[in-house]
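The figures here come from the full heavy-atom set of this structure, side chains too, leaving out hydrogens, waters and symmetry mates.
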Amino acid sequence: MNEIKNEIKKTVLIVEDEVALQEAAKLKLEKEGVKVFTVGSGEEGLDILKKIKPDLIWLDILLPGMNGLEFLRRVRATAATEKLPVIVLSVSSGQEKIKQAFALGVIDYLVKSEYTIENAVKKVKNILKDLAKV
């Protein structure tokens with residue numbers, strides 16, 4: 001049932017300003033054996049990326065200060081992070097934002113109102129499993 005636990009430990013960086021969602025996702029992912037770092041802004045996300053290299057970034061688009069798309073542009077502009085897999089989970093369902101996110105190479109774009117925390121965590125687990133095969 002917990003396939004990830006038997007593999008090399010995976011790391012996820014959650015860039016999300018909604019603390020309750022951040023904590024719930026962290027708890028559920030850690031229960032599955034995933035190491036999780038959480039930050040509440042794009043600026044904090046860029047700072048932590050200087051210290052760690054996660055296997056996946058879980059990114060919100062609507063963040064205080066630098067928004068998620070600007071964070072993503074900066075991640076893609078740096079050689080050390082340009083290929084990092086990113087999944088977006090946001091309340092923003094505007095087609096323009098979704099198009100911009102995919103143009104910046106996100107793996108998937110989930111609209112928060114359409115996903116439970118359990119479904120979002122399951123999606124992240126499946127992506128981590130797929131990345132482990134590569």
Side-chain angles (χ1 to χ4, degrees):
M1 187 165 75
N2 294 336
E3 306 87 12
I4 294 177
K5 286 185 179 179
N6 298 328
E7 300 169 11
I8 297 169
K9 192 156 194 138
K10 297 291 180 195
T11 303
V12 173
L13 170 61
I14 299 176
V15 184
E16 167 65 60
D17 64 323
E18 196 178 314
V19 177
L21 177 56
Q22 198 186 81
E23 289 303 313
K26 180 177 181 172
L27 196 66
K28 290 183 181 303
L29 285 168
E30 285 179 341
K31 191 174 173 187
E32 297 297 330
V34 178
K35 185 167 182 57
V36 179
F37 293 89
T38 58
V39 295
S41 72
E43 292 86 353
E44 290 175 312
L46 292 175
D47 283 345
I48 201 166
L49 285 175
K50 293 173 186 169
K51 301 172 189 119
I52 67 161
K53 185 163 183 214
D55 297 291
L56 179 70
I57 297 174
W58 166 320
L59 177 65
D60 188 6
I61 295 296
L62 303 175
L63 296 167
M66 177 193 311
N67 72 32
L69 290 173
E70 181 57 30
F71 168 81
L72 194 50
R73 282 185 198 93
R74 293 185 188 197
V75 166
R76 295 296 183 237
T78 304
T81 58
E82 68 183 351
K83 295 193 186 322
L84 273 178
V86 176
I87 182 171
V88 170
L89 190 71
S90 183
V91 295
S92 181
S93 61
Q95 288 304 305
E96 191 53 39
K97 280 196 171 87
I98 293 171
K99 269 201 282 191
Q100 288 176 25
F102 277 108
L104 289 164
V106 300
I107 293 174
D108 208 345
Y109 191 111
L110 311 180
V111 178
K112 287 180 182 176
S113 63
E114 298 172 8
Y115 283 83
T116 64
I117 185 67
E118 288 79 12
N119 288 343
V121 166
K122 186 176 183 181
K123 188 88 158 166
V124 167
K125 279 178 30 187
N126 288 335
I127 290 170
L128 289 171
K129 262 198 300 189
D130 290 344
L131 292 172
K133 295 175 188 172
V134 177

Practice task
Any chance you could measure Leu27, atom CG, to Ile117, atom CD1, to the nearest 0.5 Å?
Solution key: 10.0 Å
Exercise for the section: Give a yes or no on whether Leu13 and Ile127 share a hydrophobic cluster (residues Ile, Leu, Val, Met, Phe, Trp, Tyr; joining criterion: side-chain heavy atoms under 4.5 Å apart). Expected result: no
Handout entry: salt bridge (charged side-chain N to carboxylate O under 4.0 Å, His left out) partners for Lys50, two or more places apart
Key = Asp47
Fill in the blank from the handout: Distance col, row Leu128:CG vs Glu32:CD, nearest 0.5 angstrom, shows 10.5 Å
Problem - salt bridge (charged side-chain N to carboxylate O under 4.0 Å, His left out) contacts touching residues 55-65 (sequence neighbours left out) - result: Asp60-Lys112
Practice task
Determine whether Val124 and Val36 fall in the same hydrophobic cluster, where Ile, Leu, Val, Met, Phe, Trp and Tyr are linked whenever their side-chain heavy atoms lie under 4.5 Å apart.
Solution key: yes
Handout entry: Separation between CG of Leu104 and CZ of Phe71, rounded to the nearest 0.5 Å
Key = 11.5 Å
Exercise for the section: Only counting residues at least two apart or in another chain, list the ones meeting side chain to side chain donor-acceptor pair (under 3.5 Å) with Lys28. Expected result: Glu118
Problem - With Arg76 via salt bridge (charged side-chain N to carboxylate O under 4.0 Å, His left out) - residues at least two apart - result: none
Completion exercise
Tyr109 and Ser92 have their tightest heavy-atom pair at OH-O, 2.7 Å
Exercise for the section: Spell out, yes or no, whether Ile52 and Val75 are grouped together once hydrophobic residues are joined by side-chain heavy atoms under 4.5 Å, including indirect joins. Expected result: yes
Completion exercise
Contacts of Glu96 meeting side chain to side chain contact (heavy atoms under 4.5 Å, CB included) (sequence neighbours excluded), chain-then-number -> Lys99, Gln100
Handout entry: Nearest-0.5 Å distance, NZ of residue Lys26 to CD1 of residue Ile14
Key = 8.5 Å
Practice task
Verify side chain to side chain contact (heavy atoms under 4.5 Å, CB included) between Ile57 and Leu49, making sure each step is shown before the conclusion.
Solution key: CA-CA 10 Å; Ile57 297 174; Leu49 285 175; 4.1 Å; yes
Handout entry: Contact list for residues 85-94, test salt bridge (charged side-chain N to carboxylate O under 4.0 Å, His left out), sequence neighbours left out
Key = none
Problem - Contacts of Glu82 that satisfy side chain to side chain contact (heavy atoms under 4.5 Å, CB included) - sequence neighbours left out - result: none
Completion exercise
Between the CD atom in Glu114 and the CG atom in Leu89, the distance rounded to the nearest 0.5 Å is 10.5 Å
Practice task
Spell out, yes or no, whether Trp58 and Ile61 are grouped together once hydrophobic residues are joined by side-chain heavy atoms under 4.5 Å, including indirect joins.
Solution key: no
Completion exercise
What one should report as the nearest heavy-atom pair of Ala101 and Val88 is CB-CG2, 4.4 Å
Completion exercise
Exactly one of Ile107, Val34, Val86 clears side-chain contact (heavy atoms from CB on, under 4.5 Å) with Leu56, and that residue is Ile107
Practice task
List in chain and number order the residues that pass side chain to side chain contact (heavy atoms under 4.5 Å, CB included) with Asp108, two or more places apart in sequence or in another chain; answer none if no residue qualifies.
Solution key: Ile87, Phe102, Leu110, Lys123
Handout entry: Under 3.5 Å donor-acceptor, Thr81 side chain and Leu84 backbone
Key = no
Fill in the blank from the handout: Sequence neighbours excluded, the answer for side chain to side chain contact (heavy atoms under 4.5 Å, CB included) partners of Arg74 is Leu46, Met66, Glu70
Completion exercise
Smallest heavy-atom separation, Gly40 atom then Leu63 atom, equals O-CD2, 4.1 Å
Fill in the blank from the handout: Residues Leu62 and Ser90: closest non-hydrogen pair is N-OG, 4.1 Å
Problem - Shared hydrophobic cluster, Leu131 / Val121 (ILVMFWY, side-chain heavy atoms < 4.5 Å) - result: yes
Handout entry: Test item: Glu16 side-chain N/O and Gln22 main-chain N/O as donor-acceptor pair under 3.5 Å
Key = no
Exercise for the section: Give, for atom OG1 of Thr11 and atom CG of Leu29, the distance between the pair rounded to the nearest 0.5 Å. Expected result: 11.0 Å
